[in-house]
Amino acid sequence: DAGVIQSPRHEVTEMGQEVTLRCKPISGHDYLFWYRQTMMRGLELLIYFNNNVPIDDSGMPEDRFSAKMPNASFSTLKIQPSEPRDSAVYFCASGGGNNEQFFGPGTRLTVL
Amino acid sequence: GEDVEQSLFLSVREGDSSVINCTYTDSSSTYLYWYKQEPGAGLQLLTYIFSNMDMKQDQRLTVLLNKKDKHLSLRIADTQTGDSAIYFCAESISGTASKLTFGTGTRLQVTL
């Protein structure tokens with residue numbers, strides 16, 4: 001298995017633009033998590049899904065952020081409109097029933 | 001509520017043992033984890049311990065759990081330069097790959 005796949009690995013955009021981050025979880029995993037990592041706030045859980053259903057989105061910072069999981073093999077995190085303070089590394093992780101979360105390599109987002 | 005704290009930085013000489021400490025506040029934690037993050041990469045699970053255990057050893061890694069003091073530690077024996085990374089502890093309340101609360105991370109620097 002290739003592990004959790006995220007795209008793009010790097011994204012540079014201008015303030016106000018829409019940004020879409022993509023994630024392909026490990027096949028067979030029924031949990032999917034989106035995290036954001038910054039120097040100031042560390043690692044924050046934004047939202048997680050179980051069997052494609054959002055379970056807890058209390059970490060989503062505001063209405064500009066939205067996440068979807070249309071099927072078991074794909075999820076997106078969208079920011080519209082983006083702002084400079086959204087600059088961070090965004091990680092996707094997936095997990096099965098054995099207490100482990102497997103992280104993707106992350107997407108480094110820079111909003112100018 | 002959930003709160004996980006770690007010291008920010010640790011420097012050790014190659015060949016020495018490293019001890020990374022973590023404190024948590026939620027006494028209903030079921031699993032406690034140690035993750036490693038190398039530069040430019042996602043988090044990688046190193047080991048985890050059930051809350052009803054006091055110690056777990058896995059090759060060079062030893063995890064100690066003091067439930068009374070809500071203190072978790074990770075000891076790395078014979079520390080190598082490849083161990084240089086950020087180490088995160090995390091707790092899970094409901095287990096089974098569900099929501100984790102991560103600490104702030106400890107940056108381990110291994111010097112020659």
Side-chain angles (χ1 to χ4, degrees), chain A residues 2-10 21 23-26 28-51 53-60 72 88-110, chain B residues 1-9 20 22-26 28-53 56 58 61 63 65 72 85-107:
Chain A
V4 175
I5 299 172
Q6 291 187 248
S7 64
R9 293 294 311 276
H10 302 273
L21 310 181
C23 175
K24 182 180 185 328
I26 292 172
H29 282 182
D30 50 11
Y31 286 88
L32 185 139
F33 307 82
W34 282 102
Y35 291 90
R36 177 172 69 177
Q37 187 177 37
T38 61
M39 289 291 292
M40 293 295 295
R41 293 187 298 269
L43 193 65
E44 304 171 278
L45 176 66
L46 301 178
I47 185 172
Y48 79 94
F49 296 82
N50 180 218
N51 292 321
V53 176
I55 302 300
D56 184 349
D57 65 354
S58 59
M60 295 286 263
V89 181
Y90 291 82
F91 289 103
C92 175
S94 70
N98 60 353
N99 310 305
E100 294 187 35
Q101 288 189 23
F102 293 82
F103 280 72
T107 295
R108 182 173 293 277
L109 173 65
T110 303
Chain B
E2 304 159 8
D3 194 16
V4 182
E5 297 197 358
Q6 304 176 237
S7 55
L8 291 180
F9 184 76
I20 303 170
C22 170
T23 58
Y24 60 96
T25 56
D26 199 316
S28 59
S29 297
T30 53
Y31 300 99
L32 295 133
Y33 307 80
W34 283 104
Y35 281 81
K36 175 184 181 183
Q37 185 181 28
E38 296 183 352
L43 279 69
Q44 174 191 7
L45 179 67
L46 287 178
T47 186
Y48 65 89
I49 188 169
F50 297 117
S51 59
N52 62 358
M53 296 171 63
K56 180 178 181 181
D58 184 0
L61 305 179
V63 178
L65 175 60
L72 182 74
I86 302 175
Y87 291 80
F88 292 88
C89 67
E91 64 173 348
S92 166
I93 306 304
S94 53
T96 321
S98 61
K99 185 176 179 179
L100 299 184
T101 300
F102 284 86
T104 51
T106 299
R107 181 178 296 276

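Letters A, B, ... mirror the listed sequences (proteins, then strands); counts begin at 1.
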Atom group of A/Gln37 that falls short of 4.5 Å from chain B, counting heavy atoms: side chain
Region of A/Thr107 in contact with chain B, defined by heavy-atom distances below 4.5 Å: neither
Which atom of B/Tyr48 lies closest to which atom of A/Glu100, heavy atoms considered: CE2-CG, 4.4 Å
Contacting moiety of A/Arg108, where chain B heavy atoms sit under 4.5 Å: neither
Nearest non-hydrogen partners of B/Leu43 and A/Phe103, listed with the distance: O-CB, 3.3 Å
Flag side-chain contact, heavy atom, 4.5 Å: A/Tyr35 against B/Leu100: yes
A/Phe91 to B/Gln37 - nearest heavy-atom pair and separation: CZ-NE2, 3.4 Å
B/Gln44 versus chain A, the contacting section by heavy-atom distance below 4.5 Å: neither
